[in-house]
Amino acid sequence: MMLAECRQKLSLPFPPTKQTLATLLKACSSQPHQLTQIHALVLTSGLSVKNSLITQLLANLVILGDVQYARKLFDEMHKPRVFLWNTLIRGYVKNDMPVESVSLYGRMSSLGVRPDGFTFPFVVKASAELPDSWAALTIHAHVFGDVGLADYLFETMIERDLVAWNSFIAACVQMGYASKALALFHRMGLARIKPDAVTIVSALSACGQLGCLNIGNKIFDSALYDGMESNIIVENARLDMCMKCGSTHMARTLFDEMRLRNVVSWSTMILGYAVNGKSEEALALFSRMQNEGPKPNYVTYLGVLFACSHAGLVSQGRAYFSYIVDSNDQNLQPRREHYSCMVDILGRSGHIEEAYSFIMGMPIEPDAGVWGALLGACAIHKNVKVGQVAADKLFELAADIASYHVLLSNMYASAGRWDSVEKVRLRMRKKCIKKVAAYSSIELNSEVHVFYTGDNSHPQSSSIYQKLEDLYMQIGSLGYISEVGSVHHDVEMEEKEAMLRVHSEKLAAAFGLINVEPESPIRIIKNLRTCDDCHNFFKFISRISMREIIMRDKSRFHHFRNGTCSCKDFW
DNA sequence: GTAGGGTTAG
């Protein structure tokens with residue numbers, strides 16, 4: 001575009017000065033079309049353009065989401081300053097391009113440009129969103145050893161301010177490294193950096209992941225004690241923490257006491273009730289929300305569908321789903337997550353064919369989550385025919401997710417098709433797909449104790465196994481028989497039973513029975529779905545010990561009390 | 001001078 005043309009378009013009667021251009025740029029930060037024109041003006045003005053001008057332009061482009069164009073300008077620049085690197089690194093993160101963001105950081109450091117305090121939060125955010133394979137590559141490329149990129153960056157920072165701590169702690173929580181996050185939180189205290197609301201939110205979130213109700217409450221109380229004003233985000237995080245620890249009652253008390261509640265508060269409650277198996281409470285709260293609360297969003301509806309799914313409420317699930325569709329609200333139209341949930345509702349209750357045709361009728365392309373829900377249902381109902389279709393689709397969409405392979409293999413195993421089980425295993429070996437090891441954890445006196453299957457590493461190991469034997473003796477006389485079908489291995493019967501007997505959740509339960517004071521419930525967190533035998537075992541021991549046992553597995557809660565489970569054996 | 005971190009879902 002010619003200068004005159006630009007000027008005309010911008011209605012400028014005279015050639016612009018640097019000042020004019022700078023002012024123009026500031027004014028046009030929300031108008032992408034004019035930005036391009038101004039860029040042309042800058043280039044054709046013949047002025048020796050200052051970096052600050054391009055900086056402003058680039059920043060504007062990034063805000064508008066045109067990172068490609070920003071990158072083009074950036075590459076044409078001579079020795080861009082740190083601020084500019086930061087701007088672009090941030091731009092990539094904001095536009096969901098973490099790989100590009102980290103690559104740019106890599107280039108920055110290889111050119112010897114020193115990152116400043118602002119670089120860190122951007123790169124950490126990007127590396128938290130990095131796909132695993134990429135994180136590994138990046139770490140290799142920088143020869144950072146076995147610590148992550150973020151770790152390296154953090155430890156080498158000269159000055160760590162509050163935001164640096166907060167962004168690292170938050171990144172750890174988001175990546176699922178909750179105990180690392182709590183360790184950092186502790187270290188932060190030792191370094192005499194006073195946490196603020198943002199820190200507390202992440203810390204509470206970490207406690208929720210770990211199921212550490214006591215630690216979470218302590219953190220919240222001490223923050224208030226230190227004079228920190230609580231805000232709605234902190235309170236929502238605390239609600240969620242309680243719910244993730246299975247303490248629905250405490251969450252409700254806090255919710256009722258809140259002066260202000262937003263859509264997140266309501267949704268957190270509804271979701272929390274749903275995963276805790278309290279569907280009536282979830283749906284009752286939803287109907288109250290419709291009358292007196294804020295407008296539900298798509299997460300709220302996800303909670304409503306979860307409530308139906310966990311309680312096996314098929315017709316109600318169908319009704320809510322069509323309600324969402326019929327609402328004609330464009331922002332609330334069902335997303336893939338809602339479809340997965342609906343497939344789960346239909347499939348798990350045995351309506352496999354209906355679930356399949358439901359998927360075929362989807363207006364949006366089904367993703368791995370949707371097919372995974374179908375495969376899960378097929379594994380439960382031993383429907384190898386439909387399960388095979390789902391598995392084929394899954395391997396197209398998400399070829400190397402371990403849990404789908406495990407599901408498929410379990411489906412074949414429960415149908416007794418050991419040749420097919422072996423094929424899946426072979427495929428996993430070939431593609432180096434490793435099963436996630438099962439573990440269970442339990443909090444005691446602000447410490448987390450972790451158990452793996454057949455674990456002997458705990459200091460109290462011998463008394464734990466003794467307790468387990470005692471329990472087997474007692475429940476055996478009450479009619480407990482181990483369910484060998486839960487072990488998906490084609491091995492001898494005795495071996496099957498031997499493995500079952502030492503599943504991680506059983507070890508954690510024995511530990512809990514020995515150590516947790518009699519009036520408190522025993523809270524166990526398991527990283528995978530629990531098996532039929534452990535579920536049955538827990539029902540028995542809740543009866544003989546007269547204790548409440550709360551177990552959170554991969555997708556939901558089981559509250560065992562006096563021989564029964566809140567899930568009513570449907571999970 | 002300009003910019004950075006937080007809650008529900010996955």
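Proteins get letters first, then strands, A, B, ... in listed order; numbering begins at 1 in each. Quick caveat, the model's predicted, so the values are computed rather than measured. The figures that follow rest on heavy atoms only: side chains count, while hydrogens, waters and symmetry mates do not.
Contact of A/Asp161 with B/dG4 (side chain to base): a donor-acceptor pair of N or O atoms is detected under 3.5 Å.
Of all the heavy atoms in A/Phe120 and A/Ala150, the pair that sits closest is CE1-O, 4.0 Å.
A/Asn86 comes within 4.0 angstrom of a nucleotide base, judged by non-hydrogen atoms across all strands. Residue contacts shown for A/Gly272 are absent, as no nucleic acid heavy atom lies under 4.0 Å away. Counting non-hydrogen atoms under 4.0 angstrom, A/Leu162 reaches a base of the nucleic acid. Counting non-hydrogen atoms under 4.0 angstrom, A/Asn262 reaches nothing in the nucleic acid. At a threshold of 4.0 angstrom between heavy atoms, the contacts of A/Ala197 include nucleobase atoms, whether or not backbone atoms are also involved. Among the heavy atoms of the strands lying under 4.0 Å from A/Phe306 are primed sugar atoms or P, OP1, OP2 only; no base atom is included. Residue contacts for A/Ser167: at a heavy-atom cut-off of 4.0 Å it reaches the sugar-phosphate backbone alone, with no base atom in range.
Residue A/Phe83 contributes atom CZ, which lies 5 Å from atom C1' of B/dA3 at whole-angstrom precision. Distance, A/Met241 CE to B/dT8 P: 13 Å, rounded to whole Å. Here the C1' atom of nucleotide B/dT7 and the CD atom of A/Gln174 are 11 Å apart, to the nearest Å. Put simply, CE on A/Met157 is 15 Å from P on B/dG4, counting in whole angstrom units. In this entry the distance linking CD1 of A/Ile270 with P of B/dT8 reads 15 Å, nearest Å. Between A/Phe286 atom CZ and B/dA9 atom C1' the separation is 15 Å, expressed in whole Å. Between A/Ile89 atom CD1 and B/dT2 atom C1' the separation is 16 Å, expressed in whole Å. For the pair A/Leu104 CG and B/dA3 P, the interatomic distance rounds to 20 Å; values are reported in whole Å.
Under the 30°/60° scheme for interplanar angles, the aromatic rings of A/Phe321 and A/Phe358 are found to stand perpendicular.
Under the 3.5 Å distance criterion, with hydrogens and angles disregarded, no donor-acceptor pair is assigned to the side chains of A/Asp240 and A/Thr268.
For the pair A/Glu229 and A/Leu224, the minimum side-chain heavy-atom distance is 4.5 Å or more.
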> Checking ring pair (Phe, Tyr, Trp, His ring centres under 6.0 Å) for the pair A/Phe395/A/His405: CA distance, chi angles, key distance, verdict?
Replying inline: CA-CA 9 Å; A/Phe395 292 154; A/His405 286 79; 4.6 Å; yes

> How far apart are the C-alpha atoms of A/Glu155 and A/Arg187, what are their side-chain angles, what is the distance that settles it, and do they pass the salt bridge (Lys or Arg N to Asp or Glu O under 4.0 Å) test?
Replying inline: CA-CA 12 Å; A/Glu155 299 303 340; A/Arg187 239 179 91 189; 3.0 Å; yes

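Nearest nucleotide to the side chain of A/Ile233, out of B/dA3, B/dT7, B/dT8: B/dT7. When each of B/dA9, B/dG6, B/dG4 is scored by its nearest atom to the side-chain atoms of A/Phe122, the top-ranked nucleotide is B/dG4. When each of B/dA9, B/dG6, B/dT7 is scored by its nearest atom to the side-chain atoms of A/Val198, the top-ranked nucleotide is B/dG6. The side chain of A/Val163 has B/dG4 as its nearest neighbour among B/dG4, B/dG6, B/dA9.
Stacking between A/Phe118 and the base of B/dA3 is present: ring centres sit under 5.5 Å apart and the planes differ by under 30 degrees.
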